[in-house]
Asks: 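Sharing a structure with you now.
Basis for what follows: all heavy atoms, side chains included, without hydrogens, waters or symmetry-related copies. Chain A is the first sequence line, chain B the second, and so forth, proteins listed ahead of strands; every chain is numbered from 1.
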Amino acid sequence: MSEKSERPENSERSERSEKDGKAERTGKSGMAEQQARLAVFKTYKLYVGGKFPRSESGRVYEVTDSKSGQWLANAPLASRKDARDAVVAARKAVAGWSGATAYNRGQVLYRVAEMLEGRREQFVREVAEAEGLSKARAAAAVDAAVDRWVWYAGWTDKIAQVVGGANPVAGPFFNLSTPEPTGVVAVLAPQESSLLGLVSVLAPVIATGNTAVVVASQRAPLPALSFGEVLASSDVPSGVVNVLSGRTAELAAPLAAHGDVNALDLAGADADLAVELEAAAADTLKRVRRPAAEDWAAEPGTSRLTAWLETKTVWHPIGV
Amino acid sequence: MANNLFPYAPAPESRAIVDLAPSYGLFIDGEFADAADGTVFKTVSPATEEVLAEVARAGEADVDRAVRAARRAFPGWAALPGAERGKYLFRIARILQERARELAVLETLDNGKPIRETRDVDLPLVAAHFFYYAGWADKLGYAGFGPAPRPLGVAGQVIPWNFPLLMLAWKIAPALATGNTVVLKPAETTPLSALFFADVCRQAGLPRGVVNILPGYGDAGAALVAHEGVDKVAFTGSTEVGRAIARSVAGTGKKVTLELGGKAANIVFDDAPIDQAVEGIVNGIFFNQGHVCCAGSRLLVQESVQDELLESLKRRMGQLRVGDPLDKNTDIGAINSAEQLARITALAEAGEAEGARRWSPACELPSAGYWFAPTLFTGVTQAHRVAREEIFGPVLSVLTFRTPAEAVEKANNTPYGLSAGIWTEKGSRILSMANKLRAGVVWANTFNKFDPTSPFGGYKESGYGREGGRHGLEAYLDV
Amino acid sequence: MSSSVPAYGPDAPGRLAALADVTASDAALRRFLHGLPGVDAVGLEARAAGLGTRSIKTTAKAYAIDLAISMIDLTTLEGADTFGKVRALCAKGLRPDPTDPGTPHVAAICVYPDMVATAREALGEGSGINVASVATAFPAGRTALPVKLADTADAVAAGADEIDMVIDRGAFLSGRYMEVFEEIRAVKQACVRADGTVAHLKVIFENGELATYDNIRRCSWLAMLAGADFIKTSTGKVAVNATPPNTLLMLEAVRDFRDAVGVQVGVKPAGGIRTSKDAIKYLVMVNETLGDDWLSPEWFRFGASSLLNDLLMQRQKLSTGRYSGPDYVTVD
């Protein structure tokens, strides 16, 4: 898919990182170039099962700056097989993650927020490039993403108290309803909001004890791929979150039909694709959340938590 | 059972990790200060009677100053978005985790409880409590108290000496999460961890006046409770003082929660998992030297299993290691104060005088400090003082029963109603017993378990209001 | 009970006979085993974890390390075992640390039946080290009883001092307790030598396959009623082997059995105990559950192989003050 097989030596990207790093350096003339340090590029990779593989297909696609159209990086163009591998990794992680205490999950999620905050500058740059935002607006989006993550970290040990409870059945029975995670959730991340949108759909999935296979924004996948690095350097167990980049439609189809995926978040699907995927998901009666117009900056409420929860009700007789 | 071959060498935790200053002030409006009248008191290590530090003793004028500081801080703190308040609490939780070892050693020094408990129980629960309530700060609208519940204002909080830092956490974390500001008085025998907590607040960058700490005696507590600038009173301690507080706030608009004494029944049926029941009984009464309001101080054992159970219990008690609280292998530390030791001693003597049979395992007690051997009274009836009065020490009274109904009757036959324990492998009996027991916390096949998500508090004269969990928010909200 | 007798002693059968009614029928045995007090898993695990926090330092640690070494059944149970491998293991067991003759020797060398003669020869007379042999179609135990008995008799004839048999977990799990009981009795009979002396019998449960703590407690009583001299957690060949809670439960069982029947039985955790720290945790459990009476190789063993070198490195650390490394202990 990549037409430019070689990176231009004096690309916009290298200058940009220089500017961010060391302020004033115009860097257009050959003379100045000689003195400027050449930046080291990052190879963006998938995040699957706690590892950073390239796509098994060996394919990449070009990611460009949303305003200037400048080339930013090559992202992995993940395949159906990558999606399959991601589901295997996510399923393997279900027992441990759903079995962890809610307190432990809260601690782990909070750690993610700490790590994200620590890489704030990197994400501000990536989000600005991805979404064509000013630095200030990108910074606001990153800050909101950190706070959103903290918000969900706090929900892990509270959602059961809000949506579960004792049921006063008419008989000598103890009767208690508690929420339980549904299992593996495939998430199509929002296409426009590359980080805040991603965080807003991903955090509730794992806060509730599910594991996730996330398809990053097709056009702006870099913040999501970098976010995989944040997860890897937090205490999130391998496989709990798996991040794929590539063509949303190509990856979503096998996920929607997959027999070992329990639920599907269509946030990043366009209207036609969403209908197609919802129909495909019907074969295995997946829980499906349809796409809707969302204000990612607003307080999210609990609907994205409850979407991925089953309610289990336990009866037990009472008597000496 | 003989234990001579494998004696454990001393394994003392280093106290060097705690940097103790010779004197400490009151913490008011973000600053440490002397008491207005310059009064100080000494806090000692109950294990050695060594003076640890001199501490400013708050009086009425200091209470007034602290309440005013909290009042000034209240509007700004309450107006912060919940997420921002929450982030302060998350910071506090993390700093507490980072400084856990230091605070555990400090708590052991000042309180006398074993390092094993401060390290493995108190400090992890303290941090978890802040972590839990941090998460509520921006979710109050989901807690079931209306869409936008409001804080009350200034909370005056008085806490006991048995779990100094944990009781502080139970009081301060929900108060701050809901947007209140706080004036807290720690107990006079254990002021140090609260003062170190003041430093944690400073490290966390908490705005001035949001948390104020006033070490002092009962007079300071009374002045705090009575202060007209206080909107909410939270007290943990004796039922006697609880009554006085309830009288003092009568006719005011103050909201009150009281967590008072207890005389819990720990009920063992003949189909109980015996080895685990023995552990639960031991943990129920000897945890924290029995200085636990919800301690399982009355063992109610079914007559058919009495002999077997008591034999196992005595054998297990023989393994309890009493001594230096800083030794990592110590199970039972020092009694917190000479006064408390005198009270335990007097009640134990009354038990003997009233005809109950007293037993303790052979154990050598240190010569300095305040100590009381783990003690068992058998042949106790509901008429004995050791079965009625809260001893608040390592003394277990054993009573028997024949039927579940008799167990319920005896268990409920007390003015207290804080906690109870049930031991049986039969699930339906657990639930039936739990329904009939008049107690705020019922443990089944376990005992003395605490969690920030789980509400705690008593029926009857054990107080009112709940701390912990979603329910714990209500005490600090205008609902 | 006035005083207890060892399970391998001449008085034990008489004591066990007093409980003959319990083992009179399948139904009686089932009623008895299912009448034992239940085990609460959370409480058991909490107690084991609590004992695991004991801090064993300096003199106590030195005592524990030497005691642990002396309790090891140094084991090789591989398809690839050779006479050479077994001889090397015996040499290691005799002189665990060639640089320090004060190091205690291990309790036994544990091998497959066809290696017993080699081990016997390599250890020589009067070494003080026993030869233990697994038998009864170890580790699965899936063969006919006559084969199991022949396997046992073969090992005993070759000079085994101790037999580590596996129970029929299938029979146990399907509730055929009497069958398991009779099989242990039969193997015990096969441990009798021509001269009337007996090899000691260790009965392996494979706790990982019994799956529940209630099963482990029942199996402990069943094996002890059938005449086990030792009860042993596991073969070391499955995913879950000895754990602190399942061993603690067996310690409680031998304690209760001695109180009730007057017969003392030993305990051997095996598999998964690799570090000194682990071994010391087990000794703390023995100390605080059973006390002095079980704190010797006669009554408590570790089934292990790599544990020995870790104990030796810790032992060197205690005497030199420096951390040792794998180059300073011998490979088997």
Asks: Is chain C contacted by the side chain of B/Asp120, its backbone, both, or neither, given a heavy-atom distance below 4.5 Å?
Replies: side chain
Asks: In terms of heavy-atom pairs under 4.5 Å with chain B, which of C/Asp256, C/Val284, C/Thr289, C/Asp293 leads?
Replies: C/Val284
Asks: Measure distances from B/Ala277 to the heavy atoms of chain C and classify the residue's part below 4.5 Å as side chain, backbone, both or neither.
Replies: neither
Asks: Sort out for me which of B/Arg321, B/Arg116, B/Glu425, B/Arg316 touches chain C most, counting heavy-atom pairs under 4.5 Å.
Replies: B/Arg316
Asks: Distance from B/Lys328 atom NZ to C/Ile56 atom CD1, nearest 0.5 Å?
Replies: 11.0 Å
Asks: If you count heavy-atom pairs within less than 4.5 Å of chain C, which of B/Asn283, B/Asp327, B/Ile274, B/Leu5 leads?
Replies: B/Leu5
Asks: What I want to check is whether the side chains of C/Asp292 and B/Asn3 have a donor and an acceptor closer together than 3.5 Å.
Replies: no
Asks: Among C/Ala60, C/Ala64, C/Gly43, C/Ala46, who wins on heavy-atom pairs under 4.5 Å with chain B?
Replies: C/Ala60
Asks: Is chain B contacted by the side chain of C/Arg47, its backbone, both, or neither, given a heavy-atom distance below 4.5 Å?
Replies: side chain
Asks: B/Gln276 side chain to C/Asp40 main-chain N or O, any donor-acceptor pair under 3.5 Å?
Replies: yes
Asks: Check the pair B/Met1 / C/Trp294 against side-chain contact (heavy atoms from CB on, under 4.5 Å), numbers first and verdict last.
Replies: CA-CA 11 Å; B/Met1 123 192 173; C/Trp294 268 267; over 6 Å; no
Asks: What is the distance from atom CG of B/Asn329 to atom CD of C/Glu288, rounded to the nearest 0.5 Å?
Replies: 8.0 Å
Asks: Are the side chains of B/Glu308 and C/Asp259 in touch, meaning some heavy atoms are under 4.5 Å apart?
Replies: no
Asks: Kindly compute the distance separating CZ (C/Arg255) from OG (B/Ser312), expressed to the nearest 0.5 Å.
Replies: 5.5 Å
Asks: Is it true that, when you exclude C/Lys57 itself, more than 12 heavy atoms of the residues, nucleotides or ligands shown sit nearer than 6.0 Å to its NZ?
Replies: no
Asks: Should we say atom CZ of B/Arg315 is surrounded by more than 12 heavy atoms from elsewhere, each under 6.0 Å from it?
Replies: yes
Asks: Give the minimum heavy-atom separation between B/Phe6 and C/Leu295, together with the two atoms involved.
Replies: CB-CD1, 3.7 Å
Asks: Of all of B/Thr446, B/Asn4, B/Asn445, which one pairs up most often with chain C through heavy atoms under 4.5 Å apart?
Replies: B/Asn4
Asks: Any side-chain heavy-atom pair from C/Asn287 and B/Tyr8 closer than 4.5 angstrom?
Replies: yes
Asks: Give, as side chain, backbone, both or neither, the part of C/Leu290 having an atom under 4.5 angstrom from any heavy atom of chain B.
Replies: backbone
